[in-house]
Amino acid sequence: MNTEAPVLSLIIPVYNEEPSLRELYERITTTLEGLGQPYEVITVDDGSRDGSLELLRSFRGQDKRWRVVRLSRNFGQSAAIYAGFSRARGDYILMIDADLQVFPEDIPLLYEKLADGCDMVSGWRVNRHDSLFRKGTSRLLNRYTEHITGFQIHDHGCSLKGFRRPLVEHMLQFSHRCRYLPVDAAMLGGRMEEVPVRHAERRHGASKYGLFKLFRTGFDMVTSVTIMPLQMIGLLGALCALAGFAMGLRVLYIRLLYGNLQQVESVIAAFFFLSGMQLMVTGLMCEYVGRIYIEAQKKPLYIIQEELE
Ligand code: UDP
Ligand code: MG
C-alpha cells in the first residue's frame, strides 16, 4: 500500500449514505489505485444519524489512506466540502458525492485535465437522471451563475469537480458564511474546463435536497454574491412613490378643472406616495447595509495566478 505524501486528495461529504458506502469504497479504491499516484480520501461525516460514521471508521481501519472528518452536526454539503478542503494535503483536490450518482470511474478524466495544467475542472452531467423539477431549477441557477461569474459552463452544480491546490487555498480564505461552492470557485478565475461525465439515478435513500432546501440553497446563492434583493426594495419604493405622485396629479387636475374634491382618491394617492417614499428610504439604508455585508465578507479583491521575478 502506498502511503507517501498524497498527490491527490478526494473529498467526500457524507450525510446518511450508509447503503452506498461499501460499494463507494471499493469503486474508489480500484479507480484511484489505477491512477498510480499516492492519494488520500477525506470523508466528511456531516452529522449522519445512520451507520455511515461507523462504516467510514472501518474503512480507515482497513486503509490508512482513508481519513474521516466528523462534523459536530449537519452543516450542509458546501460546509462539509470546505471542512474537507481544510484537511487536504494533495496538489490536486477533487470532490465527489457519496451516493454513486456520479461515477468514481470518471475521476481519472478530471485528474488528466488537472495534470494537464487546468486550475479547475468540472464534470458535466450530459445525461442527467434527476427529476424534471431539479433539472429545471438547475438550469436557472446555471444561467445565473454564468451571468455573475462570467464562466460559461453547462453544469455548475455538478458535484464531481477538481481543483489545483492554490485555488482551494484561496477558497479557504473566504470568510463569508453563506457559501455556494460553484460560485466561489468560478469567481476565482484561472483555466477552467469541463468534461462530460456519466450520471445515474440515486439507488439508495432520497436526495437531501427537498423543495425547501432547494429554495434555501438558491436564495443563499443569490444573496451570497449580490445585494440585488436589497436593491430591489429601493426600486419598488421609487415605483410606488411615482404611482402615488401620478395619482396625486390626477386628483389635482380634476379638482382644478371640475372643482370637485375626490376624497378617496386623494387618500390613495397620499398612501402610495408616502409608502413609496418610506420604501425608498429603507432601500437607501439597505444600500449601506448591503455594502457593510459585502465588506464583511472580506473576499479577496484579486487572485494572482503567477509571478515572474
Ligand atoms: N450531503 C451532505 N450534507 C447535506 C446534504 C448532502 O454532506 O446536508 C452530501 C450527501 O451525502 C451526498 C452529497 O452531499 O454525498 C450530495 O447530496 P444529494 O445526493 O442528496 O444531492 P443531489 O444529488 O440530490 O444534488
Ligand atoms: Mg445525489
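Remember, it's 1-based here, ligands and their atoms both numbered in the order they're listed. Both backbone and side-chain heavy atoms feed into the values below; hydrogens, waters and symmetry mates do not.
- Using cut-offs of 30° and 60° on the angle between ring planes, the pair F215 and F219 is parallel.
- Annotation for ligand 1: atoms under 4.0 Å from non-hydrogen atoms of V14 are 7 (O), 11 (O).
- Residue G76 places a heavy atom under 4.0 Å from ligand 1.
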Take W66 and T29 through the side chain to side chain contact (heavy atoms under 4.5 Å, CB included) test and state the conclusion after the steps. CA-CA 10 Å; W66 283 63; T29 304; 3.9 Å; yes

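- Considering every non-hydrogen atom in both L160 and L110, the closest pair reads O-CD2, 3.6 Å.
- By the neighbour-count criterion of 12 heavy atoms within 6.0 Å, atom CZ of R139 is sparsely surrounded, having that number or fewer from other residues, nucleotides or ligands.
- With D130, V102, D97, N16 as candidates, the residue nearest to atom 13 (C) of ligand 1 on a non-hydrogen basis is D97.
- At the shortest separation from atom 9 (C) of ligand 1 among protein heavy atoms lies P13 O, 3.7 Å.
- Salt-bridge formation is detected for the pair K208/E17: a Lys NZ or Arg NE/NH1/NH2 atom is positioned less than 4.0 Å from an Asp or Glu carboxylate oxygen.
- Atoms of ligand 1 found under 4.0 Å from any heavy atom of N74, numbered from 1 in the order shown, are 3 (N), 4 (C), 8 (O).
- A distance of 10.0 Å separates CZ of R57 from OG1 of T43, quoted to the nearest 0.5 Å.
- Minimum interatomic distance between R87 and E40 (heavy atoms only, all atoms of both residues): O-OE2, 4.3 Å.
- In terms of N/O distances under 3.5 Å, ligand 1 is not approached by A80.
- Residue contacts with ligand 1 for D46 involve side-chain atoms from C-beta outward but no N, CA, C or O (heavy atoms, distance under 4.0 Å).
- Looking at A206 next to ligand 1, no N or O pair under 3.5 Å apart turns up.
- The contact set between ligand 1 and Q101, taken as ligand atoms under 4.0 Å from a residue heavy atom, comprises 19 (O), 23 (O).
- Heavy atoms of other residues, nucleotides or ligands lying less than 6.0 angstrom from CZ of F272 number 12 at most.
- Annotation for ligand 1: atoms under 4.0 Å from non-hydrogen atoms of D99 are 19 (O), 23 (O).
- The nearest heavy-atom contact from the protein to atom 1 (N) of ligand 1 is Y15 CB, 3.8 Å.
- Looking only at protein heavy atoms, the nearest one to atom 11 (O) of ligand 1 is E17 OE2, 2.7 Å.
- Heavy-atom contacts from other residues, nucleotides or ligands closer than 6.0 Å to CG of L257 number more than 12.
- Within ligand 1, counting atoms from 1 as listed, the ones closer than 4.0 Å to a heavy atom of K213 are 4 (C), 5 (C), 8 (O).
- Backbone and side-chain nitrogen or oxygen atoms of Y209 are examined, and none is located within less than 3.5 angstrom of a nitrogen or oxygen of ligand 1.
- Between D119 and K113, none of the side-chain N atoms (NZ, or NE/NH1/NH2) sits under 4.0 Å from a carboxylate O, so this pair counts as no salt bridge.
- For the residues A83, S48, S207, G210, the heavy atom positioned nearest atom 22 (P) of ligand 1 is part of S207.
- Look at D99 and the Mg ion (ligand 2): an N/O/S atom of the residue is under 2.8 Å from the metal.
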Could you check Y92 against F163 for ring-ring contact (aromatic ring centres under 6.0 Å, His included), going step by step and ending with a plain yes or no? CA-CA 6 Å; Y92 305 112; F163 310 91; over 10 Å; no

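- When every heavy atom of P108 is checked against every heavy atom of L35, the shortest pair comes out as CB-CD2, 4.0 Å.
- Annotation for ligand 1: atoms under 4.0 Å from non-hydrogen atoms of R134 are 22 (P), 24 (O), 25 (O).
- With a heavy-atom cut-off of 4.0 Å, K208 touches ligand 1 through backbone and side chain alike.
- With 2.8 Å as the limit, Q101 counts as an N, O or S neighbour of the Mg ion (ligand 2).
- Near R202, meaning under 4.0 Å from any of its heavy atoms, are these atoms of ligand 1: 18 (P), 19 (O), 20 (O).
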